[in-house]
J.: 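Structure provided below as structure tokens; questions to follow.
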Amino acid sequence: MTLKRVLFADSALLGITFVWGTTFIIVQNILNQLTPLTFNAWRFFFAALFLISWQFFTSKKRKSANVLYSWKLIGSGALLGGFLFAGYVCQTIGLLYTSASNAAFITGLSVVLVPIFSAILLRNAPHKAAVIGVIFAAVGLFFLTTRGQFSLNKGDVIVLVSAVTFALHIIFTAKVTEQFNSLSLTIVQLAFVALFAFITGYIFEGGEAFNLHILFQGDVIIVVLFMALFATAFAFLLQTALQKETPATHVGIIYIMEPVFAAWTSVLFQNARFGPSELTGSLLILLGMLLAEWPTGGQTIEKQH
């Protein structure tokens with residue numbers, strides 16, 4: 001792949017991360033009215049529904065309404081959806097036993113796991129600049145989220161599982177995305193996340209997930225639909241499509257910018273204050289991302305398999 005295409009893909013992925021980071025405040029407010037499982041169930045349901053409608057109408061215009069969903073595609077989508085769902089659930093459960101700062105730091109450690117899994121599962125070792133970038137980003141995340149102080153507890157172990165599953169989601173997306181239509185794979189993936197969330201929500205929360213009275217309150221449904229459309233449907237469709245153009249290690253480092261965007265959003269809109277630790281962390285993460293984009297001596301980057 002050419003360096004130009006990689007840079008374009010990484011820029012688009014950074015835009016996705018910006019949306020996730022800057023909408024954190026919105027989601028935080030909505031979780032006072034919906035449980036995390038209920039919120040994610042409806043968020044991913046509406047996202048999948050939107051993409052299904054889009055696929056149906058666009059294929060109809062092209063007079064090719066018969067969209068093939070093979071068992072192999074469904075299995076791959078279910079696997080990706082499982083990793084994504086497990087990541088969200090473990091992160092949420094872990095937050096019951098640990099601090100938000102610890103959870104943010106440990107979840108972000110997926111940036112370290114991605115190049116390791118990439119070398120093992122994709123047989124694609126990252127270049128030296130990317131490895132150095134990963135180290136800078138991980139250290140920066142530590143200072144940004146924990147202010148240099150960290151103590152381990154059982155909640156951290158649970159959140160660590162989410163870091164593993166988020167890393168595996170990036171790796172397996174890279175592994176299967178070339179085999180299928182990006183839109184179809186994204187639809188199946190999001191539909192399975194919604195299904196898993198509804199089932200788990202029903203088991204542990206009873207009928208809470210199906211309480212439409214709360215869902216269709218004006219402010220709640222607006223936020224759910226906004227997150228479903230922009231932060232879920234478009235975001236994961238772009239990730240699925242763009243991972244054909246960029247190494248998995250780049251994706252992991254780019255996604256670590258989410259807490260940076262979230263932190264700066266809180267500074268702008270919640271009057272939060274940044275100290276030397278947060279500023280140092282932000283700069284190290286930015287430096288890590290720039291190192292990952294550093295040219296490798298040629299104008300092409302080896303394609304991962």
Side-chain angles (χ1 to χ4, degrees), residues 15-60 67 69 74 77-78 80-96 100 103 107 162 166 169 183-240 258 261-262 265-266 268-270:
I16 294 172
T17 312
F18 175 79
V19 172
W20 285 339
T22 53
T23 54
F24 180 81
I25 295 175
I26 300 174
V27 174
Q28 195 176 36
N29 293 333
I30 282 299
L31 291 180
N32 293 326
Q33 302 177 68
L34 293 176
T35 66
L37 280 173
T38 299
F39 170 74
N40 281 313
W42 288 110
R43 169 187 170 180
F44 281 90
F45 171 79
F46 284 122
L49 188 63
F50 173 78
L51 292 181
I52 289 171
S53 303
W54 185 17
Q55 185 178 60
F56 176 77
F57 287 112
T58 54
S59 62
K60 209 172 181 184
V67 178
Y69 281 85
I74 293 173
L80 295 180
F83 284 138
L84 202 56
F85 172 73
Y88 280 113
V89 168
C90 290
Q91 189 181 55
T92 302
I93 295 174
L95 278 169
L96 298 174
T107 302
S162 75
F166 283 139
H169 178 264
L183 180 55
S184 298
L185 182 61
T186 305
I187 289 172
V188 175
Q189 170 184 187
L190 300 186
F192 270 101
V193 175
L195 177 63
F196 295 148
F198 275 123
I199 293 173
T200 309
Y202 183 77
I203 293 172
F204 292 102
E205 299 173 355
E208 181 70 24
F210 303 97
N211 189 339
L212 300 182
H213 175 71
I214 296 177
L215 175 67
F216 285 101
Q217 290 180 3
D219 56 338
V220 174
I221 191 62
I222 289 173
V223 171
V224 170
L225 290 176
F226 177 84
M227 293 298 296
L229 180 59
F230 295 103
T232 310
F234 284 157
F236 285 105
L237 176 58
L238 282 174
Q239 180 191 345
T240 305
E258 181 181 354
F261 290 133
T265 301
S266 66
L268 293 174
F269 296 102
Q270 293 184 321

J.: Using 30° and 60° as the class limits, which term best fits the ring planes of F45 and W42: parallel, tilted or perpendicular?
T.: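 Perpendicular: the ring planes of F45 and W42 meet at over 60°.
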J.: Given side chains that start at C-beta, do those of F85 and V89 come closer than 4.5 Å, heavy atoms only?
T.: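 Yes, close enough: below the 4.5 Å cut-off.
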J.: Report the relative orientation of the aromatic rings in Y88 and F44; use parallel for angles under 30°, tilted for 30 to 60°, perpendicular for over 60°.
T.: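 If you compare the ring of Y88 with that of F44, the planes turn out perpendicular.
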J.: Taking the six-membered ring where the residue is Trp, are the ring centres of Y202 and F198 under 6.0 Å apart?
T.: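 That pair fails the under 6.0 Å test.
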J.: Under a 3.5 Å threshold, yes or no: a donor from one side chain and an acceptor from the other, between T17 and E258?
T.: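 No, no side-chain donor-acceptor pair sits under 3.5 Å.
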J.: Would you indicate whether the side-chain heavy atoms of I187 and Y69 approach each other to under 4.5 Å?
T.: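 Of all side-chain heavy-atom pairs linking I187 with Y69, at least one is under 4.5 Å.
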J.: Looking only at atom types and distance, does a side-chain atom of T35 sit under 3.5 Å from a main-chain N or O of T38, one as donor and one as acceptor?
T.: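 The answer is yes, because a donor-acceptor pair under 3.5 Å joins these two groups.
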J.: Would you check if D219 and Q217 make a side-chain contact, meaning some heavy-atom pair closer than 4.5 Å?
T.: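 Contact flag for D219/Q217 side chains = yes.
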J.: What is the distance from atom CD of Q189 to atom CD1 of I74, rounded to the nearest 0.5 Å?
T.: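 Between atom CD of Q189 and atom CD1 of I74 there are 14.0 Å.
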J.: Given ring-ring contact (aromatic ring centres under 6.0 Å, His included), test F50 with F46 step by step and report yes or no.
T.: CA-CA 6 Å; F50 173 78; F46 284 122; over 10 Å; no
J.: Name the orientation class of the two ring planes belonging to F226 and F230 (parallel below 30°, tilted from 30 to 60°, perpendicular beyond 60°).
T.: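 If you compare the ring of F226 with that of F230, the planes turn out tilted.
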J.: Given side chains that start at C-beta, do those of V193 and T232 come closer than 4.5 Å, heavy atoms only?
T.: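 Contact flag for V193/T232 side chains = no.
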J.: Could you tell me whether the side chain of M227 reaches within less than 4.5 Å of the side chain of F39, counting heavy atoms only?
T.: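 F39 vs M227: side chains touch.
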J.: Between Q55 and I52, is there a side-chain heavy-atom distance shorter than 4.5 Å?
T.: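 Counting from C-beta outward, I52 and Q55 never come under 4.5 Å.
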J.: Over 60° means perpendicular and under 30° means parallel, so classify the ring planes of H169 and F236, tilted if in between.
T.: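 Ring orientation, 0 to 90° scale: perpendicular.
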J.: What distance do I214 atom CD1 and Q33 atom CD have between them, rounded to the nearest 0.5 Å?
T.: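 One finds 8.0 Å between CD1 of I214 and CD of Q33.
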J.: Find the distance between CD (E205) and CG (L34) and round it off to the nearest 0.5 Å.
T.: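 Between atom CD of E205 and atom CG of L34 there are 10.0 Å.
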J.: Indicate whether the side chain of T240 and that of T186 have a donor and an acceptor atom separated by less than 3.5 Å.
T.: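 Side-chain D/A pair, T240 to T186: present.
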